[in-house]
2 protein chains.
Amino acid sequence: MTDVPQPDSMSPISLEEAMRAPRIAIEATEPAVDDGRYPAKTIIGQPVDVSSKIFADGHDQLAAVVCWRQKGEQNWRRARLKLITNDLWQGHFTPTQVGPHEFRIESWWDLWETYRYELSKKHGAGVPVQLELEEGRLHLERAVQRAQGETRAVLEDIMHRLASSHLDDERVSVMLASETAAAMADADAREHCSVSHVFPLEVERPLAQFASWYELFPRSETDSPDRHGTLRDVIKRLPAIRDMGFDVLYFPPIHPIGRKHRKGPNNSLEAGPQDPGSPYAIGSEEGGHEAIHPELGTVDDFRALVSAAADHGLEIALDFAIQCSQDHPWLEQHPGWFSWRPDGTIRYAENPPKKYQDIVNVDFYAEDAMPDLWIALRDVVQGWVDLGVKVFRVDNPHTKPLPFWQWLIADIRSRDPDVMFLAEAFTRPAMMARLGKVGFNQSYTYFTWRNTKAELTEYLTELNEPPLRYCYRPNFFVNTPDINPFFLHSSGRPGFLIRAALATMGSGLWGMYSGFELCESAPLPGKEEYLDSEKYQIRPRDYRAPGNIIAEIAQLNRIRRQNPALQTHLGFKAYTAWNDNILFFGKRTADRSNFILIAINLDPHNAQEAHFELPLWELGLPDGAQTHGEDLMNGHRWSWYGKTQWTRLEPWNLPFGIWRWTVPAVEQNG
Amino acid sequence: MTDVPQPDSMSPISLEEAMRAPRIAIEATEPAVDDGRYPAKTIIGQPVDVSSKIFADGHDQLAAVVCWRQKGEQNWRRARLKLITNDLWQGHFTPTQVGPHEFRIESWWDLWETYRYELSKKHGAGVPVQLELEEGRLHLERAVQRAQGETRAVLEDIMHRLASSHLDDERVSVMLASETAAAMADADAREHCSVSHVFPLEVERPLAQFASWYELFPRSETDSPDRHGTLRDVIKRLPAIRDMGFDVLYFPPIHPIGRKHRKGPNNSLEAGPQDPGSPYAIGSEEGGHEAIHPELGTVDDFRALVSAAADHGLEIALDFAIQCSQDHPWLEQHPGWFSWRPDGTIRYAENPPKKYQDIVNVDFYAEDAMPDLWIALRDVVQGWVDLGVKVFRVDNPHTKPLPFWQWLIADIRSRDPDVMFLAEAFTRPAMMARLGKVGFNQSYTYFTWRNTKAELTEYLTELNEPPLRYCYRPNFFVNTPDINPFFLHSSGRPGFLIRAALATMGSGLWGMYSGFELCESAPLPGKEEYLDSEKYQIRPRDYRAPGNIIAEIAQLNRIRRQNPALQTHLGFKAYTAWNDNILFFGKRTADRSNFILIAINLDPHNAQEAHFELPLWELGLPDGAQTHGEDLMNGHRWSWYGKTQWTRLEPWNLPFGIWRWTVPAVEQNG
């Protein structure tokens, strides 16, 4: 009988179809995004835990495997699935290459295991088994006919031993032997084999799941607002950034800035002659998305920066903002890429309620734009990849067509699967998730607006569960040039420590826009925006200013490097602390070998105390067990006795505790 | 631009594919079972509530419709969907035929509504709108070119009015007019139209969702165990069954009973010469599944019974048990339909831990069985359908191939979509659900083993939610010949009232095996089975025996008929009663016009009291509102003042309360 694929539609079927249809049901397979319509995300070298509900009529035993391969490979690799309970089967495999992969489930009637189980039960109960032994012999006989080479020789030998034995007990032993089982598995006819449809899987490099981002405006790397910082200036600051423990250094657009409708300080509509303008108004007579703003430097300077960053263990991330200033070269060169109004203007961009008078958008579906614009944009990205950039932060991807992203990301990654894209979308949940589905490797999140214990617990839990678990990698930015969170306006330094602890401990990916380490928070009155925003001005900073939290950030990043449980947002679990101002949670690796407990006082103004519960049950320990804690911020170690413990967190000291939790090794008694 | 279907797979796409791919995302559509792989279940004449997440890049407005039709029809009917919140769109349609239907979602860029919204906002803010008016004129001009007939005339008239007007305000009024909107909708170019895949829908008659089943062994319709009851005897009992309010009268198999390995009383392996045997051991020299056991009567008697039942408003349900006694004619006529062991026997049936030595199973995948056996079984069902039977209870369907059921049910229903199948499967959850997916119209459930408040709340909630909501119609049997629930062994009469109230109020479908109304519960010691089970003996009963609960059952069924909220398991919601022994819940129609509150004391031995919360918030009423209650068991009426109320439920009186809850009509003041 040939293997039977699971049909996509199960509408009324003809008798012929029914007789050929899969007898074994395979459903609820994970990891899957929209039942396999989009790839699930995973990381090279980490086990992919596969599960599926597999069942059929009757009570016979089934066998199941997961078959997997890199996309384009001819042959499947196989890993056995194991029945856990209630038709749930589980197994795993570990990809060793980045790029698109795929897997499927196969399941068939396990005739020999069914037979073995019955024989052993009957024999064990002392029931005569002559008939069963004869049935076993017939199974073996058919298997010999199917088998080849080594397996055939083994089976022939087994049959010979059976034939030459005269004691039932002896023949039962042969039938139940694991050697016989192994040979029968090799020669399995795989009756009624069902095959699931194929599930795509995107395997990415570790930086897709574990990275600390630092954002700065290169033009502000200067000691005076009158001197435009340069890419060479940024090189000087790399050691300090690396010392804080960051992996990715990200710049807002570095391209020539338009002059028409240029914005002045604080987003004013009229710029003065010295105002640098928003770097998001891309393009001028000096060039467009492929060019570097002359005041920042040259392509050679950029090459030097990428290379110096690499020497410090840093990757450069660029902003990919598909929009044009009103004097971007494309407006003249490719008027057919834009949608013109009857008065000969182009509508300026809006992201309600924000208005961008200095920016216009391309029209992806304009006749002249297909495919020229699509290809031009791809070539822009490819050009920067060719200069060594592997990480892109994409501006407002939710205002560009989803199929465009799906194509562009796959196209770029088909040549270099190390390239990654971070979606800067702040919009409704369905679109946020869909951007992950179509290929974005990381995403901005609602983290910035989750402040209470209930909000944070719910959000972190949701990110750990399907469907988001498989399609959405959250990058927790504590601030951005566009977001000066209300919480920080009045929290003072403790608030910055609280948000840094939440971001670094909550997700493997977090990000910080410069100024955060100095606890900058002066807002435009009543708005979640920065006063004198760096988007419109050059803002030199004194990074040694008192009250900074650089040491704490460096320590948080160091703890992350040393503890695999903290290198992903997965493995989060909220635990009980009897105080609504204290969020108490754990992050642990799948095998529990790295178990971090985190308690954060969410109140930046008052000390908070609470009894909390050590999750001893997760380690199979009784309520009175002794465990060890190690404070990862200050190195203190102690023993905890029992489940209920107590802590006090003082904002003026350190508003959080991060503890590595271990079980004492069993004492060696002589 | 032509409509773009949503592709089934979204794996990396080429540029050509991407440019043609749907720009608008349509996902999470309901009602759907496994994303449309199986039909969702619905009832003729009841609105199908459709919802979908629909979104696209950018901020322009979308339009969406659900298109639906009976399977095989050429044209789609259309119903508009409305945006609710967060990309969720909703609408509904009401099928007027039973049988397979299908629907799909279409969504496109609503250019005119986007334009109208912007024009009205700008005009309202006093901004000059000459440019917008010209854009509107161009929209209209293009629409006229597309439009035909009446619409074209209307649009031309609108353009004429615009041209002849010299006041902006006047032209804005024309642009914003609903008449203009209607004409523009008719002439809509439906730009970027996305089309979801097709979702199947099975429309069934009301009896699939609302029915009360009564089960009896016809042979027990006698006054003495020595006289075999007949189909004609059953006719005499029809009025009493109908008086109790039942709609479906169901018999265990009525076919000739095998003699080989016939079971004696209490499932003993040796039957005496007078023992009638289990009716599930189907087939003897007198015939097989198509025949009637001679002692029950003739085909003419059966016809008379079906007809008499119909006169009383009752439908007859037969048992379809695909199994053979060891002397079923098929064993000789079609040996190739069975799997023979080396000693010339067939393995007897088992449903672990139960053993059926008097029964053997067919082998659906034996070479000779495909397709002859499949067709023969279909013909058996069709034969009974031809005799007027429209309802079948299927014995152990989970031990027969799923594709067989999928074909058989669709095949039978393709000729008569009024035919229904009830799955008697007691197995693991995935298979229970899958049987519903492949076509079973109703299913036995875990209800019999859900006794505590927590268990019942969880189970009823689960049945109300996807996926079960759409694929699984629960028939709550309070007992069966195979299940004498532990709870009833020691509960006495109050326990029977409790379970009857839970079943009748919990689901639109419930069932009772005769003897329940007499509070019979004598068990095989330590087992959930009946002592002297009717499966192996003739058991005459005195239905007037004291202590019976016939009046209560009749009243419960009467209440169900009078209240649409009780004619389905859907619309269940658990509410708060501060006593873990009192289950307090509501059943309400979607429009809340029929709102039933039910409080059940789950403790058959003690009176229980509780404060409980009237769900005033569901009606938008304040906590202090006055509402009315009507006790549907005894007709008492009263006013409730406020949210928190109190009740006491006494097992020796009536262990439950059923209240119709209404809001007083607003007083007419002169």
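To find a chain, count down the sequence lines: A is the first, B the second, and so on, and within it residues start at 1.
For the pair D87(A) and R428(B), the salt-bridge criterion is met [side-chain N within less than 4.0 Å of a carboxylate O].
For N86(A), the parts sitting under 4.5 Å from any heavy atom of chain B are the backbone and the side chain alike. Proximity to chain B (any heavy atom under 4.5 Å) is restricted, for I375(A), to the side chain, taken from C-beta onward. In this structure, the portion of D34(A) lying under 4.5 Å from any heavy atom of chain B is its side chain and not its backbone. Only the side chain of L138(A) comes within contact range of chain B, with at least one heavy atom under 4.5 Å from a heavy atom of that chain. Both the backbone and the side chain of A430(A) come within contact range of chain B, with heavy atoms under 4.5 Å apart. Using a 4.5 Å cut-off between heavy atoms, P429(B) contacts chain A through its side chain alone, with no backbone atom that close.
Taking CZ of F364(B) as the start and CG of D57(A) as the end, the distance is 8.0 Å to the nearest 0.5 Å.
For N396(A), the side chain to side chain donor-acceptor pair (under 3.5 Å) partners two or more places apart in sequence, or in a different chain, are N351(A). R137(B) is linked by a side chain to side chain donor-acceptor pair (under 3.5 Å) to E134(B), E141(B), counting only residues two or more places apart in sequence or in another chain.
Chain B forms more heavy-atom pairs under 4.5 Å with one residue of E16(A), K53(A), H398(A) than with any other, namely H398(A). Between chain B and the options A28(A), A56(A), P342(A), heavy-atom pairs under 4.5 Å are most frequent for P342(A). Contact count versus chain B (heavy atoms, under 4.5 Å) is highest, among N361(A), L408(A), T427(A), L15(A), for L15(A). Put simply, of V198(A), D411(A), L131(A), the one with the most heavy-atom pairs under 4.5 Å next to chain B is L131(A). Contact count against chain B (heavy-atom pairs under 4.5 Å) is highest for R341(A) among E102(A), R413(A), R341(A), Q130(A).
Minimum heavy-atom separation, A18(B) to P403(A): O-CB, 3.3 Å.
Side-chain contact between R23(A) and Y365(B) is present, with heavy atoms from C-beta onward closer than 4.5 Å. Residues L402(B) and F55(A) meet the side-chain proximity criterion, which asks for heavy atoms closer than 4.5 Å. Counting heavy atoms from C-beta on, the side chains of M19(B) and W407(A) never come closer than 4.5 Å. Counting heavy atoms from C-beta on, the side chains of R347(A) and E135(B) come closer than 4.5 Å.
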Is there a salt bridge (charged side-chain N to carboxylate O under 4.0 Å, His left out) between E27(A) and R37(B) once you walk through the steps? CA-CA 11 Å; E27(A) 59 179 37; R37(B) 200 156 289 167; over 6 Å; no
